[in-house]
A.B. asks: 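Here's a structure for you.
Lettering of chains follows the sequences in order, A, B, ..., and the numbering in each one begins at 1.
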There are 2 protein chains.
Amino acid sequence: MAPRSAGKNAESSDKVGVICRALRRAIIEQALEPGAKLPEDSLGERFGVSRTIARHALGQLAAEGLVELRRNRIAVVATPSWQEARDAFDIRIELERLVVRQLAGKLTKAQIATLNAHVDAEDGARDGTDAVSIRLATEFHILLAQMTNSPILVRYVSEVAYRCCLTLSLYSRPHSSECAINEHRAIIAALVKGDEAKVMSLMHSHLDSVANRALVAPAPQRGRDLLDILAPYADEGESERVVKMPKVVRAR
Amino acid sequence: MAPRSAGKNAESSDKVGVICRALRRAIIEQALEPGAKLPEDSLGERFGVSRTIARHALGQLAAEGLVELRRNRIAVVATPSWQEARDAFDIRIELERLVVRQLAGKLTKAQIATLNAHVDAEDGARDGTDAVSIRLATEFHILLAQMTNSPILVRYVSEVAYRCCLTLSLYSRPHSSECAINEHRAIIAALVKGDEAKVMSLMHSHLDSVANRALVAPAPQRGRDLLDILAPYADEGESERVVKMPKVVRAR
DNA sequence: AGCGCCTGAATTGCATGCAGTTTGGCGGCC
DNA sequence: GGCCGCCAAACTGCATGCAATTCAGGCGCT
């Protein structure tokens, strides 16, 4: 909540940053599904800025892998392939092992309190929407990364975590996140105890289980990613030759 | 060399991409030292585009951590702190272990040939400038990452490798890179042999040795990063109250 | 001489305008 | 009826212009 004076990257306090954060959040809360169109005009209008700024924001998000930018085409929310999702989780596991390795036994009391408070919040939001639960769970991991005081690590963990979030909305069954909360508690406990090996294996299995629960199977027989792209829209417009986008930018 | 149809990110074939690649290369070859100013006009003029495009390119590079963007201030080539450099190498080690783990024993003949050719090129460039050697060594690692066919991994390894390059120009002694070449050859051999554990430990020690050779010491008594920032300019303009930038954007 | 203010040049922040490309739908043709 | 080509609308790619901010140097004051 605090302004977080640590430099972060190129989007603090300016309008581009506002748009980026808003879109990121909308994406990970699945208000914007993969494949949703993001026209520069609509974005600019929605946020009260010109296309130039909206465009710049899209560029940043594309660099993070959250949106896809094709030349002369409307930007869309990224639709990672199943393989990319798998890769993202692999990378995430390694990065987060690094995080907890650096953190084991080195947490301050205040940090421990912060983490516990966050997990309590996760617990409290259990009866809310799935989207909020997912966001909070993701933010727990980012919170951990931030405690390493390594901006680079924060950036990479954040990015890859967001990316994983994105894939959850594509390939995941509606899952209960209770176990995740317990696993978060276990990780905090191990971190406090300072057992480096333990906490690394906990984190590993935690992420691995999330990945396995989420990335159920390569889908029926997905030889083409076209199927993946159409998957979210399979429940309506089945008689049309070409599937129209059910929701565009959601506002206006 | 092929157009590489794989989407990559938001900067293929457009002018922004050209500028990004040029600047990246200039930075890792140390033609642009950390702290060098990058005014939008000069960039635009140099590349024959408008400020808008130059600005966008700077945004992308900032997202990669190669340039620093401060509001209302001229963009500069990033000057990572010693700690950030250390962190970058830590992350890089983990990521590249992941790379070689996926690659061990799975290289095609063509890939092996490509790798060997690259190392030969490194060898051939040994009597060239240091900058070229460093670039080639870095590109070897990126080449490896590309062979995983994981775009995400490619992106992260590239970024972090570039970042490490950047730090080399700040904290490294002029080192001979011959040993690095031999280590590269050893890694290829182990990859071909398919010994996963061996290749991972080789990669680990390879990067670790580079890091240790490079990041010699925390510098005299760097309580302030101001010292780090001024370090590259310590050899001239010593009588001035405020140090002027020795070289601006190098062209015009 | 040293210090601070003040002013102009340099530079960024951002919106707008125009040109080129894609899109989607309509009408004609087979 | 189905298919192909054309056309207008939508959208992006990019440059330019204007306002706001920073920066550098000079001037006056102490």
A.B. asks: Take the protein atom CG of B:Leu69 and the nucleotide atom C1' of C:dT11, then report the distance between them rounded to whole Å.
C.D. replies: 13 Å
A.B. asks: Do the rings of B:Phe140 and B:His118 sit parallel, tilted or perpendicular, given the 30° and 60° boundaries?
C.D. replies: tilted
A.B. asks: Side chains of B:Met147 and B:Thr114, heavy atoms from C-beta outward: is any pair under 4.5 Å?
C.D. replies: yes
A.B. asks: With side chains defined as the heavy atoms from C-beta onward, is the minimum distance between B:Glu64 and B:Leu61 less than 4.5 Å?
C.D. replies: yes
A.B. asks: Counting heavy atoms from C-beta on, name the nucleotide in D:dT16, C:dT16, D:dG13 closest to the side chain of B:Thr52.
C.D. replies: D:dT16
A.B. asks: Rounded to whole Å, please give me the gap between CZ in A:Arg71 and C1' in C:dT22.
C.D. replies: 12 Å
A.B. asks: Find the distance B:Ile19:CD1 to D:dG13:C1' and express it as a whole number of Å.
C.D. replies: 13 Å
A.B. asks: Can you pull every protein N or O that's under 3.5 Å from an N or O on nucleotides 5-8 of chain C?
C.D. replies:
none

A.B. asks: Sequence neighbours left out, what passes salt bridge (Lys or Arg N to Asp or Glu O under 4.0 Å) with B:Glu139? Give chain and number order.
C.D. replies: B:Arg135
A.B. asks: Using the test side chain to side chain contact (heavy atoms under 4.5 Å, CB included), find all partners of A:Ile53 that sit at least two apart in sequence or belong to another chain.
C.D. replies: A:Lys15, A:Val16, A:Ile19, A:Val49, A:Ser50
A.B. asks: Provide, to the nearest angstrom, the distance between the NZ atom belonging to B:Lys15 and the C1' atom belonging to C:dG20.
C.D. replies: 12 Å
A.B. asks: Quick one: salt bridge (Lys or Arg N to Asp or Glu O under 4.0 Å) partners of B:Arg70, sequence neighbours excluded?
C.D. replies: none
A.B. asks: Using whole Å, report how far CD of A:Glu68 lies from C1' of D:dT12.
C.D. replies: 17 Å
A.B. asks: Under the side-chain hydrogen bond (donor to acceptor under 3.5 Å, both in side chains) test, which residues partner B:Tyr162, sequence neighbours left out?
C.D. replies: none
A.B. asks: When you compare the protein's N or O atoms with those of nucleotides 9-11 of chain D, which come within less than 3.5 Å of each other, and at what distance?
C.D. replies:
none

A.B. asks: Could you check whether any side-chain heavy atom of B:Ile91 comes within less than 4.5 Å of a side-chain heavy atom of A:Ile152, counting everything from C-beta outward?
C.D. replies: yes
A.B. asks: Over how many whole Å does the gap from B:Ile53 atom CD1 to D:dT12 atom C1' extend?
C.D. replies: 11 Å
A.B. asks: With a 4.0 Å cut-off on N to O distance, would you call B:Arg163 and B:Glu159 a salt bridge?
C.D. replies: no
A.B. asks: For B:His56 and D:dT12, give me the distance from atom NE2 to atom P, rounded to whole Å.
C.D. replies: 13 Å
A.B. asks: Measure the distance from CZ on B:Arg55 to P on C:dG13 and round it to the nearest whole Å.
C.D. replies: 4 Å
